[in-house]
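Each residue takes its place number in the sequence, starting with 1. Just so it is clear, the structure is predicted and the values come from calculations on it, not from any experiment.
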Amino acid sequence: NSDVKTVEEAMNLEVEGTTIENLIVDKTATIGEKLSFRRFEVVTKEDSQVFGTYSHMGGKIVALTVLTSDEELAKDIAMQVAAMRPLYLDRNCVPAEVLESEKAILREQAENEGLDASKLDMIVNGRVNKYYEEVCLVDQGFIKENKMKVSKYVESKHSNILGFVRYEVGEGMEKREENFAEEVMKQING
């Protein structure tokens, strides 16, 4: 019910008689693992629209979808989002700079493979379509009906996907990598 825009504002929200920040500190002390609240998204819908949610591995991966209708379908699409990790809803959502970068990589790969230079544009376009199938939700094969694209399945149920959010525990955090041999040598050399 609040209008917070930043993580800092959210950390000061009151829940169960305390702030979210204090809840996190208490949970960290209780379980002995560092918890952090790094991101959130406010998702809204109209009364005629539906949310679909899916939680996997005890909440390590969660997804929320917004569809024009059909709660069961919305949950199935949330499961798709959790499992297949789409980055974008559709092709129009892929930022131009991301697409141009991907095309450049695909062109370079095709050139390095020694493919016919006169067919490079056609080959790159085919590979871009494969890229869309990986990163765009509506272009993915639907996990419950793999021969059908998500867009066609949702359309067959007379609904539309309006948006989605997917979070995975630890996603986007930099992991410290240590070289075990270097660590041992540091200890030996004192």
**Prompt:** Linking Ile, Leu, Val, Met, Phe, Trp and Tyr through side-chain heavy atoms less than 4.5 Å apart, which residues share a cluster with Ile105?
**Reply:** none

**Item:** Leu115 to Arg127 - nearest heavy-atom pair and separation
**Value:** CD1-NH2, 3.9 Å

**Message:** Do Lys152 and Phe142 form a cation-pi contact, if we require the NZ or CZ to be under 6.0 Å from the six-membered ring centre and within 45 degrees of the ring's axis?
**Reply:** no

**Message:** For Cys93 versus Tyr88, what's the shortest heavy-atom pair and its separation?
**Reply:** O-CD2, 3.4 Å

**Interatomic distance, Lys149 atom NZ to Cys136 atom SG [nearest 0.5 angstrom]** = 10.5 Å

**Leu67 vs Ile77, side-chain contact (heavy atoms from CB on, under 4.5 Å): CA-CA, chis, key distance, verdict** = CA-CA 9 Å; Leu67 274 68; Ile77 300 303; 4.2 Å; yes

**Prompt:** Would you call Glu102 and Lys130 a salt bridge, using N to O less than 4.0 angstrom?
**Reply:** no

**Request:** Heavy atoms only: give me the nearest Lys103-Val124 pair and the separation to one decimal.
**Result:** O-CG1, 4.2 Å

**Message:** Could you check whether any side-chain heavy atom of Leu35 comes within less than 4.5 Å of a side-chain heavy atom of Lys27, counting everything from C-beta outward?
**Reply:** yes

**Message:** Working note: Arg107 + Asn112, criterion side-chain hydrogen bond (donor to acceptor under 3.5 Å, both in side chains); need CA distance, chi angles, decisive distance, verdict.
**Reply:** CA-CA 9 Å; Arg107 178 170 293 283; Asn112 290 341; over 6 Å; no

**Prompt:** Can you check whether Glu8's main-chain N or O pairs, donor with acceptor, with Asn12's side chain at less than 3.5 Å?
**Reply:** yes

**Request:** Applying side-chain hydrogen bond (donor to acceptor under 3.5 Å, both in side chains), run through Gln140 and Gln80 and close with a yes or a no.
**Result:** CA-CA 9 Å; Gln140 293 178 339; Gln80 171 86 23; 3.0 Å; yes

**Complete:** Of all heavy-atom pairs linking Thr28 and Glu33, the shortest is CG2-O, 3.3 Å

**Item:** Presence of salt bridge, Lys144 and Asp76, under 4.0 angstrom
**Value:** yes

**Prompt:** Atom CD1 in Ile24, atom CG in Asp26: separation rounded to 0.5 Å?
**Reply:** 10.0 Å

**Item:** Asn125 side chain near Met122 side chain, heavy-atom distance below 4.5 Å
**Value:** no

**Message:** Grouping I, L, V, M, F, W and Y whenever their side-chain heavy atoms are under 4.5 Å apart, do Val165 and Val42 come out in a common cluster?
**Reply:** no

**Item:** Nearest atoms (heavy-atom pairs only) where Leu64 meets Thr53
**Value:** CD1-CG2, 3.5 Å

**Message:** Quick one, Pro86 and Val81 - any side-chain contact, counting heavy atoms below 4.5 Å?
**Reply:** yes

**Asked** Would you say Val150 and Ile161 make side-chain contact, with heavy atoms under 4.5 Å?
**Response** yes

**Asked** Which residues satisfy the side-chain hydrogen bond (donor to acceptor under 3.5 Å, both in side chains) test with Tyr153, sequence neighbours excluded?
**Response** none

**Message:** side-chain contact (heavy atoms from CB on, under 4.5 Å), that's the test. Do Arg91 and Asp139 meet it? Break it down for me.
**Reply:** CA-CA 8 Å; Arg91 295 171 185 220; Asp139 288 326; 2.9 Å; yes

**Thr65 side chain reached by Leu73 side chain, heavy atoms, under 4.5 Å** = no

**Request:** Answer yes or no: is there a side-chain heavy-atom contact under 4.5 Å between Glu134 and Met84?
**Result:** no

**Distance, nearest 0.5 Å, that separates OG of Ser55 from NZ of Lys60** = 11.5 Å

**Request:** Using the rule that two of Ile, Leu, Val, Met, Phe, Trp, Tyr join whenever any of their side-chain heavy atoms come within less than 4.5 Å, decide whether Val7 and Ile20 are in one cluster.
**Result:** yes

**Prompt:** Between Ser159 and Ser69, is there a donor-acceptor pair closer than 3.5 Å when you use the side chain of the first and the backbone of the second?
**Reply:** yes

**Asked** Charged N to carboxylate O under 4.0 angstrom, Asp121 versus Lys119?
**Response** no

**Message:** I'd like to check Leu89 versus Phe164 (side-chain heavy atoms, cut-off strictly below 4.5 Å). Are they in contact?
**Reply:** yes

**Item:** Closest non-hydrogen atom pair between Val98 and Tyr131, with its separation
**Value:** CG1-OH, 3.4 Å

**Request:** Check whether any side-chain heavy atom of Arg166 lies under 4.5 Å from a side-chain heavy atom of Ile61, and answer yes or no.
**Result:** yes

